[in-house]
There are 2 protein chains.
Amino acid sequence: MNFLHKNKSLILYGISLALILFLMKWLELRLIIINHSFEVYAGFIALIFTGLGIWLALKLTKPKTILVEKEVYPDLSKNFVVNEDELAKLNISKRELEVLELMASGLSNQEIANTLFVSLNTVKTHIAKLFEKLEVKRRTQAVETSKRLKIIP
Amino acid sequence: MNFLHKNKSLILYGISLALILFLMKWLELRLIIINHSFEVYAGFIALIFTGLGIWLALKLTKPKTILVEKEVYPDLSKNFVVNEDELAKLNISKRELEVLELMASGLSNQEIANTLFVSLNTVKTHIAKLFEKLEVKRRTQAVETSKRLKIIP
DNA sequence: TTTTGGCTCATACTTTTGGGCGATTTTAAC
DNA sequence: GTTAAAATCGCCCAAAAGTATGAGCCAAAA
């Protein structure tokens, strides 16, 4: 099956060739071309097989592929995806991530505490743990690093 | 001239055909193929003209092309350009911008002072002015805002 | 030449942040 | 049901950050 499909053109060509030869033989037997000169007969064959050659070439040539590089400017701010792997690797919890995001948006610890309805101390603890995990010493560094690691947008 | 160039393939084909026919005639005259059967002769012609047909087709047909678009994601972080307009609008000085960049990279005020070979107080002053101009209250906000305004990468 | 603006620095003070504990409660996993 | 991790909160202290104000220096602009 696969073989037949792959060599379809070749097989068709072979069949065509056989048919042509058969046709010529038949014509010869019928004495139709006896009166014609040999040149006409040769020209006929030449014509037929030229056509077959053209057809074969068109069928068998592989199309040429041209690679066009198209620049895509994705809206990074919209199709941001959290780097879950890095998040898991750093062992950052859900709550810590929340705090991190609020911190990155420029809120003070007190504002973060108000937003999350927790005490200031809790926020401090979360941030302290974040600093540990991110291996940084300041909140600006934390924001820098976590953005680089695609933990936050 | 132009005509010759345009129909080069066609002319070559004509010449080739003439040459082949001439060759066959010569062979015929030389009685070389007299002893061969007609089928062999026909097969010879068929072979030659099939090749010619293939050659002709390859020469005359435009190459089949498949356009494949490849998406390229340019590194936006590298071709960053400072938004000079915004910078001018906010009236941020060169030195202030330096401080802003170092601040954004996560350095402490003391580290910034060491980097720029100025006193800590000077850095504080610059930062205070930056906060005014950017209309923010904290360094994280300053970084946030200035990145959004494309003042820093 | 005067003035303006940028850069520098200082002092004093307040607020925020961060470090280092310890502790209880919730939640999730085993 | 025990256990571990997460989340919560507190206190204290030191460091850093931020506020306010004043002032000297210098180069470029008016």
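Lettering follows sequence order; numbering is per chain, from 1. As a basis for the values below, the full set of heavy atoms in this structure was taken, side chains included, without hydrogen atoms, waters or symmetry mates.
- One atom, CD1 of Ile112(A), and another, C1' of dG18(C), lie 13 Å apart when rounded to the nearest Å.
- Note that the first and last nucleotides of DNA chain D, 5' to 3', having any atom under 4.0 angstrom from a heavy atom of chain B are dA17(D) to dT19(D).
- Between Gln110(B) atom CD and dG18(C) atom P the separation is 17 Å, expressed in whole Å.
- As a whole-Å value, the separation of Glu111(A) CD from dT15(C) P is 15 Å.
- Closest to the side chain of Ser108(A), from the set dC7(C), dA10(C), dT17(C), is dT17(C).
- The hydrophobic clustering, which links ILVMFWY residues whose side-chain heavy atoms are closer than 4.5 Å, places Leu149(B) and Ile152(B) together.
- Among the heavy atoms of the strands lying under 4.0 Å from Ser119(A) are primed sugar atoms or P, OP1, OP2 only; no base atom is included.
- Between the NZ atom of Lys133(B) and the P atom of dG5(C) there is a distance of 11 Å, rounded to whole Å.
- The closest donor-acceptor contact from the side chain of Glu98(B) to the backbone of Arg95(B) lies at 3.5 Å or more, if one exists at all.
- Spacing between atom NE2 of His126(B) and atom P of dC9(C) amounts to 8 Å, rounded to whole angstrom units.
- Formation of a donor-acceptor pair under 3.5 Å by the Lys133(B) side chain with backbone atoms of Asn91(B) is found in this model.
- Side-chain contact annotation: Ser119(B) with Thr122(B), donor-acceptor N/O pair under 3.5 Å present.
- Remark on DNA chain D: of its neighbouring residues Arg139(B) and Thr125(B), the 5'-side contact belongs to Arg139(B), judged by nearest-heavy-atom nucleotide.
- Side-chain heavy atoms closer than 4.5 Å link hydrophobic residues (I, L, V, M, F, W, Y) into clusters, and following such links, possibly through other members, connects Leu134(B) to Phe131(B).
- Looking at Glu96(B), its side chain never comes within 3.5 Å of a backbone N or O of Ile92(B) through a donor-acceptor pair.
- Of the residues near DNA chain C, Leu116(B) and Lys124(B), the one whose nearest nucleotide (by heavy atom distance) lies more toward the 5' end is Leu116(B).
- In this structure, the CD1 atom of Ile92(B) is 17 Å from the P atom of dG5(C), given to the nearest Å.
- With rounding to whole Å, Leu130(B) atom CG is found 12 Å from dG6(C) atom P.
- For Val118(B) and Phe131(A), each mapped to the nucleotide of DNA chain C holding its nearest heavy atom, the one lying further toward the 5' end belongs to Val118(B).
- In this structure, Leu102(B) and Glu111(B) have side chains that are not in contact, with every pair of non-hydrogen atoms separated by 4.5 Å or more.
- Residue Asn109(B) contributes atom CG, which lies 12 Å from atom P of dG18(C) at whole-angstrom precision.
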